[in-house]
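Since the structure comes first, as structure tokens, the remarks are kept for the end.
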Amino acid sequence: MKIAFAASEVVPFAKTGGLADVSGALPVELEKLGHDVKVFMPKYYSVDEHKFNLEYQSWASPMPIRVAGKVFDVNLYKSYLRDSSVEIYFIDCPYFFHRHNLYTNDLDEDQRFICFSKSVIEALQRLHWSPDIIHCNDWQTGLIPLYIKDNYSWDKMFANTSTVFTVHNIGYQGKFSPQTLFNAEISEDLFYHGGRIEQDGLVNFLKTGLSFADVINTVSETYAKELMTPEYSAGMHHLLKYREKDFYGIINGVDYDVWNPETDKLIPYNYSKDDLSGKEKNKEELLKKFNMPYQKDIPLIGIVSRLAIQKGFDLIQSALGELMQFNAQWIILGSGEQKYENMFQALHEQMPRKVGTYIGYNNDLAHLIEAGADIFLMPSHYEPCGLNQIYSLKYGTVPVVRKTGGLADTVQDWNEYNTYGMDTGNGFSFVEYKPEALVNAIQQALFDYPNKPVWKKIQLNGMNKDYSWKHSALQYEELYKKAKLKR
Ligand code: ADP
Ligand code: GLC
């Protein structure tokens, strides 16, 4: 199949979270299955032309793209995804994409991704490359399925093109005032209360994607079920119920070329399940980086995260008193909401030997925390898939998580008795979104930590798990076949 994959972030070019990891890995895996894949992303200010060997596509540039009644000159650049012949095309429009951050609260945020979505389609036209599938990801690409079925339906090259829309996070929907109808050239007839585009009086890009794509999915089976409920759906449950037959859950895979303690170049000591001694040395290194004392037998709890409410930091905040009583050390890497940045910064200042805090984005440190921590904490309020807990399993870093979404699908509770002697658990989890439940789950982990044979068993259960992309890519292949049958 010919598959065009559109996403607003792709590793290693630009990343704020797991979407970039998925977009950098799934297309390569699809190519290995024999598909012809081309990826499209915006060319942000941070995408370095020289470092990544971007080639200017003079034959296609500039493309005149109309947004909000004005015509912008959009250039096309090309490179390749790591170790593959998957082409990645960069949509270059400095006026829209050279901003401080990938995503903004600027007044023209709608226009930025209208420009991207139209440019993807017009680049396909210039490439004379008629895809079987356009795989769209999150709200930034939500207009593409509508455009293919409406604005660009005149073009016969898309007559057999089906669209797939993947929800990576329902919490971000791209909601804009009705002025956006004009900016995006969406027919006003399509905008009515309770319709396929409107939500609460606003133009909703995510809803548009969910409504117009031939097939839709999210990134774990449990999250797919949760999204059918008002509690988790952020207003989309009626629509998702209506589209239930076309709605699937596929767990993300992991790129073990990047996240593997045996080969990871970003950690000082490689190690494997046959010899975990390197892990302890990484812990020493990690603590040294934060000027924290290394004491054998004191467990180290790690966090690597966007500091957003989604990730359960309000629970941590409510439980801080009890959590800081535990005989454990903490290292936190993250950036995001100011109040959580302040909270972790203050903890570090009050207890520099106990809590290490790094506010910011640091990929090398993310790897070192995965390798050096004993326990990885992810008490998410909701978690579509979550990648860090899957990385943690591979690094023998025992996850403590809230049982929701992809966390519920990947972390099995350690409880020798419940599993009738099967000893299959690889972590600890809690269900109720309450500080007591969080404290209790951490307490259980800390209780088992000194029991070396038990702890090693939990680690090995995780390290033996295989979440490589191949399995998930095969499920996407099936999804694409279903989408094709819809056209
Ligand atoms: P989400 O996409 O919701 O942020 P995931 O667990 O799917 O959550 O993916 C997060 C990804 O972003 C992981 O690869 C993680 O290592 C990375 N990450 C998050 N915060 C940081 C940070 N401050 N520095 C480096 N990497 C980070
Ligand atoms: C989102 C989700 C996260 C998921 C990632 C990749 O940002 O919050 O759970 O792993 O997308 O699908």
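Computed from a predicted model, the values in this text were never measured in an experiment. Order of listing sets the numbers, starting from 1, for every ligand and every atom in it. The figures that follow rest on heavy atoms only: side chains count, while hydrogens, waters and symmetry mates do not.
The ligand atoms of ligand 2 that sit less than 4.0 angstrom from a heavy atom of Arg306 are 8 (O). Under a 4.0 Å criterion applied to the non-hydrogen atoms of Glu383, ligand 2 contributes the atoms 2 (C), 3 (C), 8 (O), 9 (O). Within the listing of ligand 2, atoms 8 (O) sit less than 4.0 angstrom from a heavy atom of Asn169.
Protein heavy atom in closest approach to atom 12 (O) of ligand 2: His168 ND1, 2.7 Å. Closest protein heavy atom to atom 8 (O) of ligand 2: Gln310 NE2, 3.1 Å.
For Lys394 and Asp264, the salt-bridge test fails: no basic side-chain N is under 4.0 Å from an acidic carboxylate O. A salt bridge links Asp255 with Arg82: the closest approach of a Lys/Arg side-chain nitrogen to an acidic carboxylate oxygen falls below 4.0 angstrom.
The N/O atoms of Cys385, backbone and side chain alike, include one that comes under 3.5 Å of an N/O atom in ligand 2. Of the N or O atoms in Gly386, one or more lie within a sub-3.5 Å distance of an N or O in ligand 2.
The minimum heavy-atom distance linking Ser79 with Phe90 is given by the pair CB-CE1, 3.8 Å.
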Per-pair distances, 0.1 Å, donor-acceptor, side chain in residues 45-53, under 3.5 Å, sequence neighbours excluded:
residue	atom	partner	partner atom	Å
Asp48	OD1	His50	N	2.9
Asp48	OD1	Lys51	N	3.1
Glu49	OE2	Lys43	NZ	3.0

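Heavy atoms of Asn252 found under 4.0 angstrom from ligand 2 belong exclusively to the side chain.
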List, for ligand 1, each N/O atom that has a protein N/O partner under 3.5 Å away, with both atom names and the distance.
residue	atom	partner	partner atom	Å
ligand 1	2 (O)	Gly18	N	2.6
ligand 1	3 (O)	Arg306	NH2	2.7
ligand 1	3 (O)	Lys311	NZ	2.7
ligand 1	4 (O)	Arg306	NE	2.7
ligand 1	6 (O)	Leu387	N	2.8
ligand 1	6 (O)	Asn388	N	3.4
ligand 1	7 (O)	Leu387	N	3.4
ligand 1	8 (O)	Lys311	NZ	3.1
ligand 1	9 (O)	Gly18	N	3.2
ligand 1	14 (O)	Lys15	NZ	2.8
ligand 1	14 (O)	Asp21	OD2	2.7
ligand 1	16 (O)	Asn388	ND2	3.4
ligand 1	23 (N)	Gly360	O	2.8
ligand 1	24 (N)	Asn362	N	3.0

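Remark: the backbone N or O of Ser8 is paired with a side-chain donor or acceptor of Tyr44 at under 3.5 angstrom.
Legend: residues meeting salt bridge (charged side-chain N to carboxylate O under 4.0 Å, His left out) with Glu244, ordered by chain and number and at least two apart, are Lys241. Listed by chain and number, the residues in a salt bridge (charged side-chain N to carboxylate O under 4.0 Å, His left out) with Arg243 are Asp246 (sequence neighbours excluded).
Counting only N and O atoms by type, the side chains of Lys279 and Thr397 include a donor and acceptor under 3.5 Å apart. Judged by distance alone, the side chains of Gln444 and Asp413 never bring a donor and an acceptor atom under 3.5 Å apart.
Applying the 6.0 Å contact sphere to OH of Tyr242 captures no more than 12 heavy atoms from other residues, nucleotides or ligands.
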